[in-house]
Amino acid sequence: MNRLKYFLGTRVGFFSAATLLFWLKSYIAYQMEFALGVTGGMQELILFINPIATTVILFSVALYFKKPKTAYSVLFVVYFLLTLLLYANILYYREFSDFLTMGTVFGAGNVSGGLFASTIALLRLQDVLYWLDFALLVWAVTTKRIPIDPRPMKKRVAIAATTLGAAVFSANLTLAESDRPQLLTRTFDRNYIVKYLGLNFYTAYDAYQTFQNNQMKANAEESDMVQVLDYVNSHYAEPNPDMFGIAEGRNVIYIELESVQQFLIDYKLEDENGELHEVTPFLNSLFHDEASHSFENFFHQTGQGKTSDAEMLVENSLYGLPQGGAFTQLGGENTFHSTSKILENEGGYTSAVFHGNVGSFWNRTNTYESFGIDYFFDAQYYDMSDGRTMEYGLKDKLFYQESAKYLEQLPQPFYTKFMPVTHHFPYPLDEANADIPAANTSDETINNFFVTAHYMDEAIEEFFTYLKESGLYENSMIVLYGDHYGISNARNKTLAPLLDKDPETWNGYDNTMLQRVPLIIHIPGVTDGQVHETYGGQTDVMPTILHLLGVETKDYILMGSDLFSSNHAEMVPLRNGNVITPKYTILGSSVYDTDSGELLEDISPEEEAEIEAIREEANKQLSASDSVLMKDLLRFYTPEGLEDEKEMDYLYSEQLPVLQNEENKETSLIEQNGGQSTADLYETNAPELMTEEELAELMESKHSEESEENTDTSQTTETDTDDEQS
Ligand code: GP9
Ligand code: MN
């Protein structure tokens, strides 16, 4: 005991103890918090030793300081910063199953608003343990339980410690390279870097890569565009003559289905009494409507940019970046050939986005300007007062309702996008708005997911009713798409039983299949709509929609192709490099049969060649897209349709006066309506707009429904109806 105390009282001793503590803490976090996919003894060993090298190197910095107090303080600062890095990654990983990148961190200033609320939901009591060691060390030293070693440190001891760290690192790297060749040169998965070389190394490497990206843009040349053009031309799919132009001249209304996955379509949630609740009845009816072309094998292709990646994919047919958000990293600076610009130039469209959250979120204000979006109605245009908002912004029913007064002002034809936010992690909903019971799993996020999805569905139905009442409906094409998963992979095993799947056998294939999101192209008046089995992804939306509007796409730099074209390639690359075709689901080196979900083990040489060709094609597409964005290549290429592009001269504030001055303002709904607003045609049952008595009545009826459900289900509902009426 005395010996230990003596040892800890020396600088080397204290330094070693700190290293040991931080090493163990990192290892515990690896095991408890991250799904690193460790297989085999070698990987286990590498994982165990990988925190040592960087910890020793970084802590050794403290040893170079001669003054005792400074040396200990520097050690504490380094210890604190590394703990902060670890803990921030733990929180981020809990929701995103991924590590922080420079992109996400530096984008964080822009991604303000709701993130704070989400973070709170990710905190756990046991997290105190991640800070306990640090607190203990500081306490021991400040209370002199461990004395500060006053003897000056020899420089060669410090050098020896750094060298030791470096030696351990090269051993670590050698082991890693032998297990996973070209670890650092290939496009990798962030999980791999952490698994093999640790979180600290990963962070430094990521910073280095970010720096390189910046260099890349500076060095790009016009000739880089030639390669991209070659790929795009080879990939182009002619429009289907039966579909080309069927929606020509119509208004376009996009509705982003926040966090909606395809499994919600037609899903019925069973409550405790065995009663079934249709979660999204309106979307279901729309999905199967004769006026809808719907896609059941449609995948999101987003990366870390989530909703904003989906916007990039759908409106520019370009992928988000391999790391970070494209909106936040380059949305403000790059040149884009977006759908809004093309439609403005080729069809005289006015474009607008409606979103009940701050415009700085995902750097939207700047990015939309680059996209040439004429109007952006963000939080400043809505009543965001207490009780009307949730984590990420205005509640859906209020959002659509309040949007009507802006929508009717837009000159037609317009190209618009509505982005509701209520159905977003962590899916909190006030009782007054909850119309179906929550699911009953061990995970609150999953349970409430269904409740907010139902609310989102009701809100969309109300919006449709308004579109019909106001007369906008008949002359519009309404496109609904899921932006990305709402239940993260980390939660899927808990979700599995609700999908009649076995959590025990749940694997990467199952996770991938859950990346399906709905795509519904609703064209009022069409009667031969159907549910298409065609495989596609978000890159395919832009060429599909432009062709429906009668706009040729040959000259545009699009990564996807028209879903209705007979030449459409049914190959869906995901952002992480995995690929799905109707035949194969290729996840890294594992290949599954897409239909049966079976892992293919005896692959013939012919099949191998076929699979390799798919991989290559997907890679080509992703790198073509990456080079367009990272090198900002569209600045070197102006397609014919975009020659007379207009410059925007204002930034989304004071938009109403600008709207009043539009040259073609007589085409707006309100003008067509003789200056009479249609906003009061909007009907909503949003509880936030009820009188106190109405609200009390609503709550009472909810409670009586609940208690009825919990007691005898055979009771008639007549008494309840009476109660409602009284
Ligand atoms: C917030 C909304 C949500 O404005 O777009 O973004 P997400 O977290 O889903 O990317
Ligand atoms: Mn989203």
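Keep in mind that what you see is a predicted model, and the values were worked out from it rather than measured. Remember, it's 1-based here, ligands and their atoms both numbered in the order they're listed. FYI, the numbering just counts along the sequence from 1.
Among heteroatoms of the N, O or S kind in Asp483, OD2 lies nearest the Mn ion (ligand 2). Nearest N/O/S atom of His484 relative to the Mn ion (ligand 2): this is NE2.
Using cut-offs of 30° and 60° for the angle between ring planes, the Tyr392 and Phe361 rings count as perpendicular. The aromatic rings of Phe371 and Tyr368 lie tilted to each other, with the angle between the two planes from 30° to 60°. Relative ring orientation between Phe449 and His423 is described as tilted, the plane-to-plane angle lying within the 30° to 60° band. The aromatic rings of Phe463 and Tyr466 sit parallel to each other, their planes meeting at less than 30°, with 60° as the upper class boundary. Note: Phe418 and Tyr400 have tilted aromatic rings, judged against thresholds of 30 and 60 degrees for the angle between ring planes.
Where the criterion is an N or O separation shorter than 3.5 Å, residue side chain and backbone included, His484 meets it with respect to ligand 1. Remark: ligand 1 and Arg364 share an N or O pair separated by less than 3.5 Å (distance only, no angle test). Considering backbone and side-chain atoms alike, Lys306 places every N or O at 3.5 Å or more from each N or O of ligand 1.
Of all heavy-atom pairs between Pro437 and Leu269, the closest is O-CD2, 3.6 Å.
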Side chain to side chain contact (heavy atoms under 4.5 Å, CB included) assessment of Leu548 paired with Ile521: CA-CA 10 Å; Leu548 290 173; Ile521 304 173; 3.7 Å; yes
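Among the atoms of Thr307, an N, O or S atom falls under 2.8 Å from the Mn ion (ligand 2).
Counting heavy atoms from C-beta on, the side chains of Asn316 and Thr339 never come closer than 4.5 Å.
Counting heavy atoms under 4.0 Å from ligand 1, residue Thr307 touches it through both backbone and side chain. Using a 4.0 Å cut-off between heavy atoms, Trp362 contacts ligand 1 through its side chain alone, with no backbone atom that close.
Residue His424 places a heavy atom under 4.0 Å from ligand 1.
Taking a cut-off of under 4.0 Å to the non-hydrogen atoms of Asn357, the atoms of ligand 1 that pass are 1 (C), 4 (O). Shown in contact with Phe361 at under 4.0 Å from a heavy atom are these atoms of ligand 1, numbered in order with element: 1 (C), 4 (O), 6 (O).
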